[in-house]
Amino acid sequence: MLKQHLQFKLSQKLSPQQIQLMKLIQLPTQAFEQRLKQELEENPALESGKEESEVLDDPYEDAFDELGDTETISADDINIDDYLSDDEVPDYRTQVNNYSADDDEKSVPYAAGISFNQYLLNQLNTVYLTDEEWAIAEFLVGSVDESGYIRRPLTDIMDDLAFTQNIYTEEEVIEKVLKVVQSLDPPGVAARNLDECLIIQLQRKETHPAIELATSILKKSFDQFTKKHYKKLILKHNISEDELKDAINEIEKLNPKPGGSYSGNTRMIEHVVPDFSIKIVDGELELTLNGRNAPELHVSKDYNNMLQGYKDSKEKSKSQKDTVLFIKQKLDAAKWFIDAIKQRQQTLFVTMNSIMHYQKEYFLTGDERKLRPMILKDIADQINMDVSTVSRVANSKYVDTPYGTKLIKEFFSESMKNEQGEDVSTREIKKILETVIGEEEKKKPLTDDKLAKILKEKGYPIARRTVAKYREQLGIPVARLRKQI
């Protein structure tokens with residue numbers, strides 16, 4: 001039996017302009033500057049900087065709203081007077097009063113220096129190699145990742161050498177050349193796994209009993225070492241607890257990511273530029289928007305002159321009409337972009353201002369235990385905006401506080417009730433959990449069951465599985481892996 005029914009679905013379609021605005025809101029300061037630069041390059045009707053004279057009136061205000069769709073309008077329909085004024089072309093200054101002066105920070109700071117791979121190749125120049133060995137060594141260096149490892153099997157590298165470099169060789173030859181690459185600095189580079197990386201570093205050290213034992217442990221008992229099965233290690237290697245402690249101490253001095261220690265790494269290090277700044281002035285919070293988010297933009301004077309020329313000409317040729325349509329399109333785009341930046345500034349400031357006041361106690365003290373439970377909807381309801389808009393601000397923006405530069409989304413957390421029935425932030429519980437683990441006896445670290453009992457005694461009745469979840473979110477391993485001799 002067939003049934004027919006109607007289903008009504010309410011959906012909201014965003015215009016291309018609204019989508020672009022959402023993308024602008026999502027951009028952090030540095031990416032916003034790049035987007036601004038791109039728009040200035042692509043739209044000649046848009047210019048940055050101050051005009052020689054500033055006009056407060058906006059003679060374009062109504063014109064852009066009335067012109068409608070570019071594709072359906074004709075040149076004869078355009079009222080040139082709407083775009084012209086007796087005054088100079090107005091300057092759409094999008095600066096706001098509450099922004100921080102940041103004139104000296106116009107360029108994005110990056111780490112300088114040669115690449116990590118080039119650093120390794122430069123060292124190879126001091127080693128005698130045949131032409132074939134050099135080609136293999138160069139290929140191996142190119143396979144080193146940013147952590148300093150070669151993750152691919154040598155058989156795959158052998159195949160790639162044949163197909164891409166026309167070098168037909170044996171795995172034993174590649175292994176021999178790999179040893180040469182592994183002799184380069186930093187120690188441990190070009191290792192295929194963690195234990196090989198650590199062993200290479202130990203072999204570069206001056207030998208003594210602790211180094212020899214550490215090497216033996218990594219070669220013969222790496223799995224037991226990583227799982228901290230100390231009693232098994234003592235029995236297997238027939239050593240004392242003090243000898244094991246000395247060996248582990250040597251291993252802990254090693255660098256598990258030799259590539260990360262090189263300042264000229266292939267990964268360029270981009271410094272975070274805060275989008276906001278919060279200061280405490282006379283006991284009150286003061287919020288400013290980074291001045292780099294408040295550019296001065298205006299419509300090009302040249303485009304104004306072109307429109308004036310079209311108006312003054314007695315005969316309107318087809319090429320002139322085509323030109324004025326092009327000008328109108330660019331002016332529309334410039335006006336929209338200027339308005340979008342104003343909306344972006346307002347959205348950013350209003351959202352951060354609401355977050356600041358919601359978490360006033362934290363921003364005044366820096367005590368994470370003062371963070372109130374706060375979800376995106378709490379802020380969205382306060383400022384009468386969509387949750388997705390608040391999310392775009394929170395997920396990609398940073399704020400400079402008296403306690404360091406923070407990612408805004410870190411201030412959001414779920415809530416739970418304590419024994420008094422009060423809502424407390426999960427961030428507060430995580431902070432207490434972190435403190436308890438930090439103060440535990442490292443020879444006998446606390447299990448998740450014991451941690452749950454301690455938190456309950458402190459007035460936070462949460463289950464063991466919840467403790468495990470919070471511990472994992474904090475990046476803290478299980479009790480067995482926290483164990484120390």
Side-chain angles (χ1 to χ4, degrees), residues 14-27 29-96 99 106 289-313 319-349:
L14 295 177
S15 68
Q17 287 83 1
Q18 288 173 310
I19 294 171
Q20 288 297 318
L21 175 59
M22 290 298 102
K23 289 181 178 179
L24 279 176
I25 289 171
Q26 190 167 337
L27 295 176
T29 297
Q30 292 178 4
F32 170 70
E33 289 179 325
Q34 291 298 315
R35 176 69 180 84
L36 182 65
K37 181 181 177 183
Q38 177 188 348
E39 190 70 21
L40 285 167
E41 289 174 352
E42 293 178 356
N43 189 350
L46 186 68
E47 292 184 351
S48 63
K50 294 180 179 179
E51 280 284 292
E52 293 179 1
S53 65
E54 296 179 6
V55 180
L56 297 178
D57 295 330
D58 186 356
Y60 299 161
E61 191 65 40
D62 298 327
F64 283 94
D65 294 332
E66 294 171 358
L67 285 174
D69 188 359
T70 305
E71 295 180 357
T72 59
I73 196 169
S74 70
D76 294 329
D77 293 328
I78 300 176
N79 184 353
I80 302 300
D81 288 325
D82 286 337
Y83 280 84
L84 296 173
S85 168
D86 293 335
D87 300 316
E88 294 289 331
V89 176
D91 178 10
Y92 290 94
R93 299 184 67 240
T94 61
Q95 287 186 317
V96 288
Y99 72 90
K106 294 298 180 187
L289 178 65
N290 189 322
R292 289 159 67 168
N293 288 288
E296 292 182 334
L297 297 174
H298 60 269
V299 175
S300 168
K301 185 186 295 184
D302 292 336
Y303 268 56
N304 176 73
N305 293 337
M306 282 190 281
L307 282 178
Q308 184 67 54
Y310 177 81
K311 180 187 177 185
D312 294 342
S313 64
S319 61
Q320 284 178 313
K321 291 183 178 182
D322 290 342
T323 299
V324 82
L325 283 172
F326 173 81
I327 292 172
K328 183 261 175 185
Q329 184 184 41
K330 293 300 180 183
L331 287 173
D332 282 343
K335 176 63 166 62
W336 173 83
F337 192 73
I338 290 166
D339 286 345
I341 290 177
K342 289 178 181 178
Q343 282 186 262
R344 177 183 184 272
Q345 288 172 213
Q346 183 181 19
T347 302
L348 294 187
F349 192 85

Those residues at least two apart in sequence (or on a different chain) that pass side chain to side chain contact (heavy atoms under 4.5 Å, CB included) with Glu39 are Arg35, Asn43, Leu46, Phe337

What closest approach, in Å, do Leu21 and Ala340 show between heavy atoms, and which atom pair accounts for it?
CD1-O, 3.5 Å

Rounded distance (nearest 0.5 Å) linking atom CD1 of Ile25 with atom CD of Gln346:
10.0 Å

Once rounded to the nearest 0.5 Å, what's the spacing between atom CG of Leu27 and atom CD of Glu33?
11.0 Å

Residue list, side chain to side chain donor-acceptor pair (under 3.5 Å) with Glu42, at least two apart or on another chain
Gln38

Given side chains that start at C-beta, do those of Leu40 and Lys37 come closer than 4.5 Å, heavy atoms only?
no

Atom of Ala45, atom of Ala334 and distance for their closest heavy-atom approach:
O-CB, 4.1 Å

Keeping the roles fixed (side chain from Arg344, backbone from Asp339), state whether a donor-acceptor pair exists under 3.5 Å.
no

Tell me, do Phe349 and Gln345 make a side-chain contact under 4.5 Å, heavy atoms counted?
no

Distance col, row Leu348:CG vs Leu289:CG, nearest 0.5 angstrom, shows 6.0 Å

CG on Leu297 to CD1 on Ile338, rounded to 0.5 Å
5.5 Å

